[in-house]
Amino acid sequence: MSAPIALIDCNNYYVSCERAFDSSLVGVPVIVLSNNDGCAIARSAEAKALGIKMGDPIHHLRDVVRRHGIRVLSSNYTLYGDMQRRVIAACEPFARDFEIYSIDETFLDLAGFEGRDLVDHARAMREQVRLWTTIPTCVGIAETKTLAKLANAAAKKDARFEGVADLRDDAVRREVMDAFAVGDVWGVGGATARKLTDLGVHTAGALRDMPMKQARAVGTVVLERLVAELRGVPSDAVESVAPRRKGMAVTRSFGTPVCDFDRMMGALSQYALRAGEKLRMHGLVAGRLTAFFHTNRNRPDRPQYGGSRTVTLHPMSSDSFELIAAARRAAERAWRDGYAYTKAGILLDDLVPEAERPRTLFEADTAKRDRLMGALDAINAKFGTWTAVTATQGFKREWKLRSEMRSPAWTTKIADVPMVRA
DNA sequence: TCTGGGGTCCTAGGACCC
DNA sequence: TCTGGGGTCCTAGGACCC
């Protein structure tokens, strides 16, 4: 029998982070918007009750926002990232090992804790997180990650669990799985869900009982592994060491569409500069760079074009100026006049640690360049990303993203630290 | 007028090689 | 008219996740 796995998941995470520092947000409907203030990506329970869905564009919500006095916030990733560290710190004593899965979800390896009542154990952990951060959580316990995800969803949905569901009990597991829609299973998206329901597979329980061969035919090895996990056979362990990152991206939608090449290069230069900064932060170099841009895909009535080109970087590099030059080469080849572009980005591939970078025969002395990059990073770290920029970016940044309702950096910026008067 | 950003994994198919 | 078989590597695109 494999060691139990738990998944702790923060409820309405971004909203809960905002509420930790602004009590006027408690008990009222709140939504947090995506970058560019585009759509709702986090909703409080009250906002969900009003029918607001994940990903709803804000301009479709104007009426309901006004009618119900919904509080609307831009996203504040600095705050959410810092709060995540505190959540993990609170969980530390409760597990042997952790795998941080996303900003609000962490898998815990409970090997060595089997002797205890794991439901009580999880309750104590939730309480610790609540005390340290005010953030409410739910915990799912099971023998595989997929079942732990399912347990967590059950704990969120069904009040009888009081925030902690343990699916290691056969009867409980069966009952939950037979009531669980197949499309809500972790790893089953819209396309696969349609195929499965056409075959008469409507619940997690039915998916678990599907023959492995059939699962593979419907959804390749991915679905086959998923069925195994639903049967309690782990195909994926809790891995505390993050695997080496394969790619990296800096992409943005524009506040105002971009129609001319120079302005596009302004945006792409900025993204390439930021991409270089991210590479250096992780001690990596990239072997390939892709630049892309496209028109508004939500407006098929307008002329559509998407261009993308990939260029090889040799030598491999994390030098922002080389990335900008590569971005220009790629963009020139992909460019077409006469379109209103609404999004662009830089993708980096073939990432390798700086120390393992293959050396080439004709390499310029990079010491000077390294110092320049170091200075650039230091300035932008101190005064905010995109304080020091390159001349190629231009100074008219009409395309820059919107973020008009962002909360203060309560925990990471001295000027924003909340003041308490007693 | 206004619809996010950043990832992972897998497969099919083309180019190329012997 | 008939035109191999088996590899590798790379890329584009689909599907999925938060």
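Each chain gets a letter, A, B and so on, in the order its sequence line appears, and its residues count up from 1. Everything numeric in this text was worked out from a predicted model, so none of it was measured.
With sequence neighbours left out, A:A95 forms a side chain to side chain contact (heavy atoms under 4.5 Å, CB included) with A:F98, A:L108, A:L110. Under the rule for a side-chain hydrogen bond (donor to acceptor under 3.5 Å, both in side chains), A:K157 has no partner lying at least two apart in sequence or in another chain. Take A:D319 and apply the side chain to side chain contact (heavy atoms under 4.5 Å, CB included) test, not counting sequence neighbours, and it matches A:S317, A:F321, A:E322, A:R369, A:M373. Partners of A:F161 by ring-ring contact (aromatic ring centres under 6.0 Å, His included), not counting sequence neighbours: none found. For A:D337, the side-chain hydrogen bond (donor to acceptor under 3.5 Å, both in side chains) partners at least two apart in sequence or on another chain are A:W335. By the side chain to side chain contact (heavy atoms under 4.5 Å, CB included) test, A:D209 pairs with no residue at all, sequence neighbours left out.
First and last contacts of DNA chain C with chain A, using any nucleotide atom under 4.0 Å from a protein heavy atom and ordered 5' to 3', fall at C:dT11 to C:dC18.
With hydrogens and angles left out, the side-chain atoms of A:S44 and A:N12 include no donor and acceptor closer than 3.5 Å. Checking A:Y13 against A:E18 by side-chain atom types alone, no donor-acceptor pair falls below 3.5 Å.
Taking a cutoff of 4.0 Å between a charged side-chain nitrogen and a carboxylate oxygen, A:E105 and A:K156 do not qualify as a salt bridge. In this structure, A:R280 does not pair ionically with A:E277, as no charged nitrogen and carboxylate oxygen lie closer than 4.0 Å. Using a 4.0 Å cut-off between a side-chain N of Lys or Arg and a carboxylate O of Asp or Glu, A:D349 and A:K246 do not qualify as a salt bridge. Salt bridge A:R86/A:D82: present, at least one basic N to carboxylate O contact under 4.0 Å. With respect to the salt-bridge test (charged N to carboxylate O, under 4.0 angstrom), the residues A:K53 and A:D56 do not qualify. A:K149 and A:E229 are not joined by a salt bridge, as no carboxylate oxygen comes within less than 4.0 angstrom of a charged side-chain nitrogen.
Of the residues in residues 192-217 of chain A, A:T192 come within less than 4.0 Å of DNA chain C through at least one heavy atom, sorted by number. Applying a 4.0 Å cut-off to non-hydrogen atoms, the residues of residues 288-301 of chain A that approach DNA chain B are A:N298, A:R299, listed by residue number. Residues of residues 221-244 of chain A having a heavy atom closer than 4.0 Å to DNA chain C: none are found.
Within the 4.0 angstrom heavy-atom criterion, no nucleotide atom of any strand lies near A:V32. Among the protein residues, A:G190 comes within range of the sugar-phosphate backbone only, with heavy atoms under 4.0 Å from sugar or phosphate atoms but none that close to a base. Counting non-hydrogen atoms under 4.0 angstrom, A:D56 reaches nothing in the nucleic acid. Nucleic acid contact class of A:G247 (heavy atoms, under 4.0 Å, all strands): sugar-phosphate only. Counting any heavy atom pair closer than 4.0 Å across all strands shown, A:K278 reaches sugar-phosphate atoms only and no base atom.
Projected onto DNA chain B by closest heavy-atom contact, A:I58 and A:T251 fall at different nucleotides, the more 5' of which corresponds to A:I58. Position along DNA chain B of the nearest nucleotide to A:H60 versus A:T220 favours A:H60 as the more 5'-ward residue.
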When Watson-Crick pairs (N1 to N3 and N6-O4 or O6-N4) and G-U wobble pairs (N1-O2 and O6-N3) count only below 3.5 Å on both distances, what is the dot-bracket string of DNA chain B, with | for other-strand pairs?
....||||||||||||||
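Here side-chain hydrogen bond (donor to acceptor under 3.5 Å, both in side chains) pairs that include residues 89-100 of chain A, with residues two or more places apart or in two chains, are A:R96-A:D109, A:D97-A:S240, A:E99-A:K145.
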Which is it for A:Y77 and A:Y14 under the ring pair (Phe, Tyr, Trp, His ring centres under 6.0 Å) test, yes or no, and what are the steps along the way?
CA-CA 9 Å; A:Y77 292 103; A:Y14 296 173; 5.8 Å; yes
